[in-house]
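Here's the structure, in structure tokens; my notes come after.
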Amino acid sequence: MKQLKNRLTGPMCGAALCLALTAAASGAASAAGGATAGTPRSVVSAPAVPQGSPVIDAMDWFVSHKGDTSYRDRCELAVVTAWKHRPLHYSAKDHWLSDDGARHTQGTPPIGAFVFWKTWSPNWHVGLSDGRGGVWMTDAAPNGAIGYKSNYKTAAGGTYLGWKPGSP
């Protein structure tokens, strides 16, 4: 599995493959279906999210920016950029407290949902859900790099608040 992970986590790994990989590594089904040549389908199940949809495009943005440190401490900008929006909120805190989408505090956030934490920062923190319990976010790796965390509730080191639907 480690060799497969190393082979599929390069810059050519799309959200569908990357999500399938992270789900397979955690024992869950993939968030986006379809195996490639040489990739077993034993743990892959297709979601109701077609390839090329705005949700997959938002996830692809995070995958393609893995390791990027230019969004350090600018999580809100990263998630709206992934969704191809213009910035609407100054911070993750403003986004969570806004009336532009229902706040959910129960259940696993669906793929592409904004996931929020109250952190030590006055601006709080936001990432994007992979739909399977993991999250893509800024400040997930050294120097504020974009990366993946497998547990959305503890990913940001603060108090998990909940999620809001992502939107194209």
Side-chain angles (χ1 to χ4, degrees), residues 8-23 29-34 36 44 46-105 107-119 121-141 143-152 155-156 158 160-168:
L8 295 178
T9 56
M12 298 306 291
C13 175
L17 263 175
C18 213
L19 292 171
L21 174 64
T22 54
S30 81
T36 61
V44 177
V49 181
Q51 191 69 6
S53 72
V55 174
I56 295 299
D57 290 347
M59 299 309 296
D60 275 341
W61 185 91
F62 267 91
V63 171
S64 69
H65 286 80
K66 182 179 178 181
D68 183 346
T69 59
S70 67
Y71 287 88
R72 180 182 190 160
D73 298 326
R74 299 187 312 154
C75 57
E76 180 66 22
L77 180 60
V79 297
V80 298
T81 300
W83 271 105
K84 298 178 183 167
H85 284 222
R86 61 179 175 77
L88 301 174
H89 307 286
Y90 173 76
S91 67
K93 180 179 181 179
D94 291 342
H95 189 167
W96 175 250
L97 296 174
S98 73
D99 62 0
D100 66 347
R103 290 181 210 101
H104 300 272
T105 58
T108 302
I111 186 170
F114 301 108
V115 183
F116 296 87
W117 301 268
K118 183 176 183 179
T119 63
S121 166
N123 296 320
W124 298 359
H125 194 62
V126 63
L128 284 188
S129 170
D130 71 356
R132 304 291 187 210
V135 64
W136 283 92
M137 56 192 246
T138 64
D139 302 303
N143 299 315
I146 290 175
Y148 177 81
K149 297 286 187 167
S150 61
N151 184 339
Y152 69 91
Y160 170 70
L161 296 171
W163 59 273
K164 284 185 164 186
S167 60

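No hydrogens, no waters, no symmetry mates; every other heavy atom, side chains included, goes into these values.
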Hey, does the side chain of [X] reach the backbone of [Y] with a donor-acceptor pair shorter than 3.5 angstrom?
{"X": "D130", "Y": "G133", "answer": "yes"}
{"X": "S150", "Y": "G134", "answer": "no"}
{"X": "N151", "Y": "A155", "answer": "no"}
{"X": "S129", "Y": "P109", "answer": "yes"}
{"X": "K164", "Y": "S98", "answer": "yes"}

*Between W61 and Y71, is the ring centre distance below 6.0 Å?*
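Yes - the distance between ring centres of W61 and Y71 falls below the 6.0 Å cut-off.
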How many angstroms lie between [atom1] in [X] and [atom2] in [Y], if you round to the nearest 0.5 Å?
{"X": "D68", "Y": "I146", "atom1": "CG", "atom2": "CD1", "answer": "5.0 Å"}
{"X": "C75", "Y": "F114", "atom1": "SG", "atom2": "CZ", "answer": "11.5 Å"}
{"X": "S91", "Y": "L77", "atom1": "OG", "atom2": "CG", "answer": "12.5 Å"}

_For D99, salt bridge (Lys or Arg N to Asp or Glu O under 4.0 Å) partners two or more places apart_ =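 For D99 there are no salt bridge (Lys or Arg N to Asp or Glu O under 4.0 Å) partners, ignoring immediate neighbours.
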*asked:* Evaluate L161 against W124 for side-chain contact (heavy atoms from CB on, under 4.5 Å), listing each step before the verdict.
replied: CA-CA 10 Å; L161 296 171; W124 298 359; 3.4 Å; yes
_I'd like to check D57 versus W83 (side-chain heavy atoms, cut-off strictly below 4.5 Å). Are they in contact?_
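Answer no - side chains too far apart.
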*Does a side-chain heavy-atom distance below 4.5 Å link H89 with D100?*
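A side-chain contact exists here, since the closest heavy-atom pair is under 4.5 Å.
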*Report yes or no: is the cationic atom of R103 (NZ for Lys, CZ for Arg) closer than 6.0 Å to the six-membered ring centre of W96, at no more than 45° off its axis?*
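That pair qualifies as a cation-pi contact.
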*What heavy-atom pair brings H104 and A102 nearest, and what distance separates the two atoms?*
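Smallest heavy-atom distance, with atoms named: CD2-O, 3.4 Å.
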*Parallel, tilted or perpendicular, as decided by the 30° and 60° cut-offs, for the rings of F62 and W136*: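 Judged by the thresholds at 30° and 60°, the geometry between W136 and F62 is tilted.
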*Could you go step by step and tell me if R74 and T138 meet the side-chain contact (heavy atoms from CB on, under 4.5 Å) rule?*
CA-CA 7 Å; R74 299 187 312 154; T138 64; over 6 Å; no
*Given L128 and I111, is the side-chain contact (heavy atoms from CB on, under 4.5 Å) satisfied, shown in steps?*
CA-CA 8 Å; L128 284 188; I111 186 170; over 6 Å; no
*Do K93 and S121 meet the criterion of a side-chain donor-acceptor pair at a distance under 3.5 Å?*
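Note: K93 and S121 side chains miss the donor-acceptor criterion.
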*For H95, enumerate each residue passing the side-chain hydrogen bond (donor to acceptor under 3.5 Å, both in side chains) test, keeping only those at least two apart in sequence or located in another chain.*
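Only E76 meet the side-chain hydrogen bond (donor to acceptor under 3.5 Å, both in side chains) criterion with H95.
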*Given W163 and T108, is the side-chain contact (heavy atoms from CB on, under 4.5 Å) satisfied, shown in steps?*
CA-CA 9 Å; W163 59 273; T108 302; over 6 Å; no
